[in-house]
Amino acid sequence: MTTTGTPSALAQTLVPSTDTGVGTWTSDGWTVTKRNLIKVKRSPDMLIFAVLQPIMFVLLFSQVYGGAIAVQGTDYTQFLMAGIFAQTVVFGSTFSGAAMAQDLKEGIIDRFRTLPMSPSAVLIGRTNSDLALNTISMVIMMLTGLAVGWRVNASPASFVGGVALLLLFSYSFSWVMALLGMSVKTPETINNASFMILFPLTFVSNAFVPSDTLPTVLRVFAEWNPVSSLVQAARTSFGNLGATPVPDIWTMQHPYATVLLGIAVMLVVFVPLCIRKFQRISAK
């Protein structure tokens with residue numbers, strides 16, 4: 001039977017199971033994931049506009065500003081693309097917050113309560129579907145990068161590791177945005193609230209310019225910004241660092257460890273917070 005995006009249709013697939021524990025939890029999460037992906041399939045404009053923004057940034061910085069920005073040790077397009085990839089996956093995590101806020105407004109969460117499903121399945125399904133959307137976005141952005149001259153100068157294993165790190169970071173950050181989406185009063189608020197977080201993280205970083213060109217206060221913030229470590233790790237994985245000097249800061253000297261630590265902290269802190277917040281909302 002085909003699963004549609006409505007709770008009544010989900011009830012046809014979320015039937016009581018003889019399985020318990022992890023099996024039921026996994027099955028419920030996968031069913032809700034399919035529901036969210038079907039919604040995107042029926043409204044492809046959501047994905048189209050999400051991808052158009054980073055494409056515009058690629059064209060703006062590489063073709064308009066690229067000639068005026070000099071980066072020591074490498075071509076600016078090679079330097080830029082890892083920053084664009086990081087920005088794409090971080091911005092893509094806002095789907096979780098916006099979707100949770102919209103579902104709360106429409107009363108979908110209340111209807112989910114009546115279904116025989118794990119309470120955390122809604123959150124698992126939401127973040128899983130965002131991971132799938134971010135994967136699609138990454139493929140499109142890499143094709144865009146190849147079109148403007150970006151190249152991978154590393155081994156296939158290193159390339160795959162860089163992509164995996166970007167997507168794992170996006171998945172963990174989706175939990176942060178999901179909590180934000182459940183905390184705001186209206187879906188309209190989530191856009192302003194999320195950009196208050198996303199803009200400093202992505203623009204006050206080494207994504208578009210070397211951090212050593214920034215004023216002292218902003219430079220220190222950029223060097224300890226987890227997005228900067230993510231960008232640094234991606235540049236290294238894709239072989240785009242060239243001879244660009246690496247700041248003598250622990251986070252920049254050990255970007256992989258910094259990103260993995262950040263991912264672990266976000267999952268350990270925000271997954272339980274999201275589940276507890278969802279349970280409180282569902283109990284009202």
Side-chain angles (χ1 to χ4, degrees), residues 21-34 36-37 82 85-101 103-104 109 112 117-138 160-184 190 193-194 196-198 200-202 205 207 224-234 236-237 250-251 254-282:
V22 176
T24 300
W25 178 74
T26 303
S27 176
D28 292 350
W30 172 240
T31 301
V32 180
T33 299
K34 289 191 292 183
N36 294 331
L37 293 176
F85 298 149
Q87 183 196 54
T88 299
V89 298
V90 171
F91 275 37
S93 66
T94 58
F95 281 129
S96 287
M100 291 302 299
D103 283 348
L104 286 170
I109 301 301
F112 281 149
M117 63 191 294
S118 171
S120 62
V122 174
L123 296 169
I124 297 296
R126 182 69 267 162
T127 52
N128 283 350
S129 59
D130 286 354
L131 178 61
L133 294 176
N134 264 324
T135 302
I136 296 172
S137 297
M138 278 287 295
V160 171
V163 172
L165 195 67
L166 285 163
L167 293 177
L168 186 57
F169 187 92
S170 76
Y171 178 76
S172 60
F173 200 75
S174 290
W175 287 94
V176 179
M177 302 311 297
L179 180 64
L180 182 62
M182 290 186 288
S183 302
V184 298
I190 189 66
S194 61
M196 292 291 291
I197 299 173
L198 299 180
L201 284 176
T202 54
S205 70
W224 291 93
N225 180 348
V227 172
S228 291
S229 298
L230 179 64
V231 173
Q232 189 77 3
T236 303
S237 296
W250 193 90
T251 54
H254 304 87
Y256 296 101
T258 303
V259 174
L260 291 174
L261 178 62
I263 290 170
V265 169
M266 284 190 285
L267 292 176
V268 169
V269 173
F270 286 96
V271 171
L273 286 177
C274 282
I275 293 174
R276 284 199 290 268
K277 180 72 172 179
F278 183 79
Q279 290 173 337
R280 287 199 298 269
I281 293 173
S282 299

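This one's a predicted model, so the numbers in the text were calculated from it and none came from an experiment. Values reported hereafter were calculated over all heavy atoms of this structure, with side chains retained and with hydrogens, waters and symmetry mates removed.
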Of all the heavy-atom pairs spanning [X] and [Y], show the shortest one and how long it is.
X      : Y      : result
Val227 : Asn225 : N-OD1, 2.9 Å
Ser172 : Met266 : OG-CE, 3.1 Å
Ala86  : Leu230 : CB-CD2, 3.9 Å
Val269 : Pro272 : O-CD, 3.5 Å
Gly92  : Asn134 : CA-OD1, 3.5 Å
Met100 : Phe278 : CE-CD1, 4.2 Å

> Can you list the steps and then say if Ile281 with Lys277 is a side-chain contact (heavy atoms from CB on, under 4.5 Å)?
Replying inline: CA-CA 6 Å; Ile281 293 173; Lys277 180 72 172 179; 4.1 Å; yes
Taking atom [atom1] of [X] and atom [atom2] of [Y], what is their separation to the nearest 0.5 Å?
X      : Y      : atom1 : atom2 : result
Leu168 : Leu267 : CG    : CG    : 7.0 Å
Asp130 : Trp175 : CG    : CH2   : 11.0 Å
Ile275 : Leu179 : CD1   : CG    : 11.5 Å
Gln87  : Leu166 : CD    : CG    : 12.5 Å
His254 : Gln232 : NE2   : CD    : 12.0 Å
Leu180 : Ile190 : CG    : CD1   : 3.5 Å

> Do we see a donor-acceptor contact under 3.5 Å between the side chains of Ser229 and Tyr256?
Replying inline: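 Absent: no donor and acceptor within the cut-off.
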>> Between Met138 and Leu133, is the side-chain contact (heavy atoms from CB on, under 4.5 Å) condition met? List the steps.
In response: CA-CA 9 Å; Met138 278 287 295; Leu133 294 176; over 6 Å; no
Can you find a heavy atom in the side chain of [X] that is under 4.5 Å from one in the side chain of [Y]?
X      : Y      : result
Arg126 : Ser174 : no
Thr258 : Trp250 : yes
Leu260 : Leu165 : yes
Ser137 : Val89  : no

> Has the side chain of Ser237 got a donor or acceptor atom that lies under 3.5 Å from a matching backbone atom of Ala234?
Replying inline: no
>> Parallel, tilted or perpendicular: which one describes the rings of Phe173 and Phe169, with boundaries at 30° and 60°?
In response: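 Rings of Phe173 and Phe169: parallel, under 30°.
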